[in-house]
Amino acid sequence: MTATPVITSKAGRLGRLIAVSLAPGEQLTDAIEEVCRQHGVKTATIASAVGTISEVYLRNPRDITTLPIRQEHEFAPDIDTIVLQRPMEILSLQGNVTTLDGKLWAHCHGLFSEAGGQVRGGHVFRATIWTQGEIFLHELEDVYIDREFDKEVTGLPQVRFHDADVVG
């Protein structure tokens, strides 16, 4: 029996726009989570990001990956982890901040360019700022989004929508 796709959604309002300046050596996703903690933000989107990185760990599915994915950590057998250790421009970074197992989690996907203009991208496990990082985060109000692992279909943490007064 084929499962019927289910679309869920919840409307919220844009709240504060938080400007972040990251110094050399900062870890990108950890810093985004820390800034959200400092400002009491539980749910946000990444509005924009520019700067440079010196190292990035990216995830992409392997061409033989099947669902559900059983392990999704760096170098897990179901995924392809690419480590790039060279100065690169942040061309695009998009994603969101939600909670997973009660902790803030910055879920980021990015595009990065290296010398000669070659572009690499994927899910960002982590990235180290090289010269600077300028990140703008947009807080979401009236909605709280957390994640729960979908062990049956995808194996990945999937979003769950709640009214803001349900903040965990």
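Heavy atoms only: backbone and side chains are in, while hydrogens, waters and symmetry mates are out.
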Subject >> Of all pairs that satisfy salt bridge (charged side-chain N to carboxylate O under 4.0 Å, His left out), the ones with a partner from residues 84-104, not counting sequence neighbours >> reply: Arg86-Glu114
Subject >> Selection residues 22-35 - residue pairs positive for salt bridge (charged side-chain N to carboxylate O under 4.0 Å, His left out), sequence neighbours left out >> reply: Glu34-Arg37
Subject >> Stepwise salt bridge (charged side-chain N to carboxylate O under 4.0 Å, His left out) test for Asp146 and Lys42 >> reply: CA-CA 9 Å; Asp146 67 355; Lys42 298 290 185 187; over 6 Å; no
If every non-hydrogen atom of [X] is compared with every non-hydrogen atom of [Y], which pair is closest and at what distance?
X	Y	value
Asp150	Val153	OD1-N, 3.0 Å
Pro68	Gly155	CB-N, 3.6 Å
Arg160	His162	O-CD2, 3.6 Å
Asn60	Gly122	OD1-CA, 3.6 Å

Distance (rounded to the nearest 0.5 Å) between [X] [atom1] and [Y] [atom2]:
X	Y	atom1	atom2	result
Arg120	Ser113	CZ	OG	12.0 Å
Leu156	Lys151	CG	NZ	12.5 Å
Gln94	His109	CD	NE2	8.0 Å
Ile69	Arg62	CD1	CZ	11.0 Å
Thr8	Gln158	OG1	CD	9.5 Å

Original post:
Other than Trp105, which residues form its hydrophobic cluster under the rule that side-chain heavy atoms must be closer than 4.5 Å?
Top reply: Leu100, Phe149
Original post:
Is Leu22 isolated, or which residues cluster with it under the ILVMFWY side-chain rule of less than 4.5 Å, directly or via members?
Top reply: Ile18, Val20, Leu28, Ile32, Val35, Val41, Ile46, Ile53, Val56, Leu58, Ile82, Leu84, Met88, Ile90, Leu93, Val97, Leu104, Phe112, Val124, Ile129, Ile135, Leu137
Subject >> Sub-4.5 Å side-chain heavy-atom contact between Arg147 and Asn96 >> reply: yes
**OP:** Not counting sequence neighbours, which residues clear salt bridge (Lys or Arg N to Asp or Glu O under 4.0 Å) with Glu139? List them please.
**Re:** Arg16
**OP:** Identify, with sequence neighbours excluded, every residue that meets salt bridge (Lys or Arg N to Asp or Glu O under 4.0 Å) alongside Glu74.
**Re:** Arg126
Subject >> Ring geometry between His123 and His107 (parallel below 30°, tilted from 30 to 60°, perpendicular above 60°) >> reply: tilted
**OP:** Classify the side-chain pair Tyr144/Thr98 by whether it contains a donor and acceptor separated by less than 3.5 Å.
**Re:** no
Original post:
Side chains of Thr29 and Gln27: donor-acceptor distance under 3.5 Å anywhere?
Top reply: yes
Original post:
Looking at Phe136 versus His138, is the centre-to-centre ring distance below 6.0 Å?
Top reply: no
**OP:** Give a yes or no on whether the backbone of Glu134 and the side-chain of Ser21 come within a donor-acceptor separation of less than 3.5 Å.
**Re:** no
Original post:
Just wondering, more than 12 heavy atoms not from Gln38 lying within 6.0 Å of its CD?
Top reply: yes
